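Worksheet: the structure to be examined is printed underneath.
In each ligand, atom 1 is the first atom listed, and ligand 1 is the first ligand listed. Computed from a predicted structure; not experimentally measured. Numbers here simply count residues along the sequence, with the first being 1.
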Amino acid sequence: MKAIGFKEHLPIEKANSLIEFELPKSIAKGHDLLVKVAAVSVNPVDVGVRKGGHGLLKTPKIIGWDAVGTVDSIGDQVSLFEKGDHVFYAGSFKRAGSDSQYQLVDERIVGHAPKKLALAQTAAMPLTSLTAWEALFEQLEINPNKQEGNRKATILIINGAGGVGSIATQLAHWAGLQVIATASRPETISWVLDHGADQVVNHRKDLVQEVHKLGHRYVDYILELNDLDGHWNEMAELIKPSGRIASITENKKPINLRKLTQKRAKFAWEWMYSKSFYGTPDMISQHQILDQIAQLLDQGVIKSTLNRALSPINVANLKQAHQLVESNHMIGKVVIADKE
Ligand SMILES: NC(=O)c1ccc[n+]([C@@H]2O[C@H](COP(=O)([O-])OP(=O)(O)OC[C@H]3O[C@@H](n4cnc5c(N)ncnc54)[C@H](OP(=O)(O)O)[C@@H]3O)[C@@H](O)[C@H]2O)c1
């Protein structure tokens, strides 16, 4: 089978930053599905893994954590899927990624693909939907089944137009919350308003003043999706007493948790890979989340966050997608798909 990966941690414009190579087709065992991949997306984690290291790897590393495809064969313990099923998933941080003709993935972190979406629209969704869902409904502990009860609650979503923000705003809106999203340009402002935000503030300005100008002294929840260091003090100021903050980005310097003491506010991390990385007993919840996301997409309750589709899956198109994500100005998602 063909795959795309890297042996050296090079800037994307270098010839060998991503390379195509051949390897034997994998065999599905246990809970694994072998999936024939039809479309993939690129996330900031791809850029981080590709750039973040030194030296020459012995064998090429295959990255890519978003795929849609068809189940080609199944392991002897598989119970959730059959050969021929259309599936979508983000995959595991410990295993070979989706930039490959075939990929092994544990059925417990795979969902049935939505039926009404094109391949590229579907491939845009898994990693960011899992992240947004877990952050909102597990780490911030918002109850998605209490839409009426949530109506008075406000959430500030920092980086509303990026990959995760574009689905987090929709899910928070669906859960009944008043959604304040941050965006800094005319095109991102109209994007977030079109993806579930009720109000917009600018993350390039002082967020405390921006939110106060809207008439909110505090917000009940904050979801931080870009630059934890840069926004920490603003979040500590804006969070309501007993409010909750979650972040999906890493701090580069120590964060001062003491700032939350008097408000007795809670802080939680979200890492989409945690469940599969540690093989937690609730790992199968990612299968359930993805199935629910597929249903919401098919019902038109939420929509795909696809913004840019490239075709076919090859080195040149993957490089272009990496370049777009590296810009830190992405709006929605970029996907590389084979022809339908
Ligand atoms: N923990 C996890 O499980 C997990 C999962 C997914 C992603 N992540 C991480 O979360 C981050 C976001 O991922 P993503 O895919 O949503 O990113 P993305 O799509 O690349 O985000 C791009 C957006 O970031 C905005 N932005 C740039 N600087 C900002 C700032 N200082 N404050 C607020 N927004 C800013 C840009 O808006 P403007 O151009 O308008 O400024 C742009 O629209 C990345 O660091 C990624 O590695 C973590």
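The N/O atoms of Thr128, backbone and side chain alike, include none that comes under 3.5 Å of an N/O atom in ligand 1. Taking only nitrogen or oxygen atoms, main chain and side chain alike, Thr182 does not reach within less than 3.5 Å of ligand 1. Between Ala161 and ligand 1, not a single N/O pair is under 3.5 Å apart. Between Arg185 and ligand 1, at least one N/O pair is under 3.5 Å apart. Taking any N or O of Val45, backbone or side chain, none lies under 3.5 Å from an N or O belonging to ligand 1. Annotation: Val164 places an N or O atom under 3.5 Å from an N or O atom of ligand 1; distance criterion only.
Taking a 4.0 Å cut-off on heavy atoms, Arg204 registers as neighbouring ligand 1. Not a single heavy atom of Ile331 sits closer than 4.0 Å to an atom of ligand 1.
Judged by distance alone, with hydrogens and angles left aside, the side-chain atoms of Thr154 form a donor-acceptor pair with the main-chain N or O of Asp220 at under 3.5 Å. Ser98 places a side-chain N or O within donor-acceptor distance of the main-chain N or O of Gly64, the cut-off being under 3.5 Å. Proximity of a side-chain donor or acceptor of Arg244 to a complementary backbone N or O of Tyr221 within less than 3.5 Å is not detected. Within the 3.5 Å criterion, the main-chain N or O of Asp46 finds no donor-acceptor partner in the side chain of Asn43. Put simply, the side chain of Lys25 never gets that close to the backbone of Gln101: no donor and acceptor are under 3.5 Å apart. A distance-only check finds no donor-acceptor pair linking the side chain of Asp72 to the backbone of Lys36 [under 3.5 Å]. The closest donor-acceptor contact from the side chain of Lys333 to the backbone of Asn307 lies at 3.5 Å or more, if one exists at all. A donor-acceptor pair is defined here as one N or O able to donate and one able to accept, closer than 3.5 Å; no such pair exists between the side chain of Arg308 and the backbone of Val335.
The closest protein non-hydrogen atom to atom 15 (O) of ligand 1 is Pro44 CD, 3.2 Å. Protein heavy atom nearest atom 12 (C) of ligand 1, with residue, atom name and distance: Leu225 O, 3.1 Å. Considering only non-hydrogen protein atoms, atom 32 (N) of ligand 1 sits nearest to His231 NE2, 2.9 Å. The protein heavy-atom contact nearest to atom 21 (O) of ligand 1 is Asn159 ND2, 3.3 Å. Scanning the protein for heavy atoms near atom 26 (N) of ligand 1, the closest one is Asn226 ND2, 3.4 Å. Distance from atom 19 (O) of ligand 1 to its nearest protein heavy atom, with residue and atom name: Gly163 N, 2.8 Å. When only non-hydrogen protein atoms are considered, atom 42 (C) of ligand 1 lies nearest to Met330 O, 3.3 Å. In this structure, the protein non-hydrogen atom closest to atom 8 (N) of ligand 1 is Ile248 CD1, 3.4 Å.
Checked options His287, Gln288, Gln295; the residue passing with Asp291 is His287 (criterion: side chain to side chain contact (heavy atoms under 4.5 Å, CB included)).
Near Thr249, meaning under 4.0 Å from one of its heavy atoms, ligand 1 places the atoms 10 (O), 11 (C), 45 (O). Interface of Thr188 with ligand 1, defined as ligand atoms under 4.0 Å from a residue heavy atom, comprises 40 (O). For ligand 1, the atoms closer than 4.0 angstrom to any heavy atom of Ser184 are 38 (P), 40 (O), 41 (O). Each of the following atoms of ligand 1 lies closer than 4.0 Å to a heavy atom of Glu270: 1 (N), 2 (C), 3 (O).
In this structure, Lys94 forms a cation-pi arrangement with Phe277, its terminal cationic atom sitting closer than 6.0 Å to the ring centre and no more than 45° off the ring axis.
Residue Asn328 touches ligand 1 through backbone and side chain together, judged by heavy-atom distances below 4.0 Å. The backbone and the side chain of Met272 each have at least one atom closer than 4.0 Å to an atom of ligand 1 (non-hydrogen atoms only). Contacts of Leu127 with ligand 1, taken as heavy-atom pairs under 4.0 Å, involve the side chain alone. In Thr131, the part holding a heavy atom less than 4.0 Å from any atom of ligand 1 is the side chain.
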Does the pair Ile180 and Ile157 meet the rule for a side-chain contact (heavy atoms from CB on, under 4.5 Å), with working shown? CA-CA 6 Å; Ile180 306 167; Ile157 299 184; over 6 Å; no
What's the verdict on side chain to side chain donor-acceptor pair (under 3.5 Å) for Gln178 and Gln199, showing C-alpha distance, side-chain angles and the deciding distance? CA-CA 8 Å; Gln178 291 178 50; Gln199 293 177 299; over 6 Å; no
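Taking only non-hydrogen atoms, the option from Glu134, His203, Glu224, Glu326 nearest to atom 34 (N) of ligand 1 is His203.
Taking the six-membered ring for Trp and thresholds of 30 and 60 degrees, Trp133 and Phe137 have ring planes more than 60 degrees apart, a perpendicular arrangement.
Between Glu234 and Lys205 there is no salt bridge, since no side-chain N of the basic residue sits under 4.0 Å from a carboxylate O of the acidic one.
At a threshold of 4.5 Å between non-hydrogen side-chain atoms, the residues Leu257 and Trp232 count as touching.
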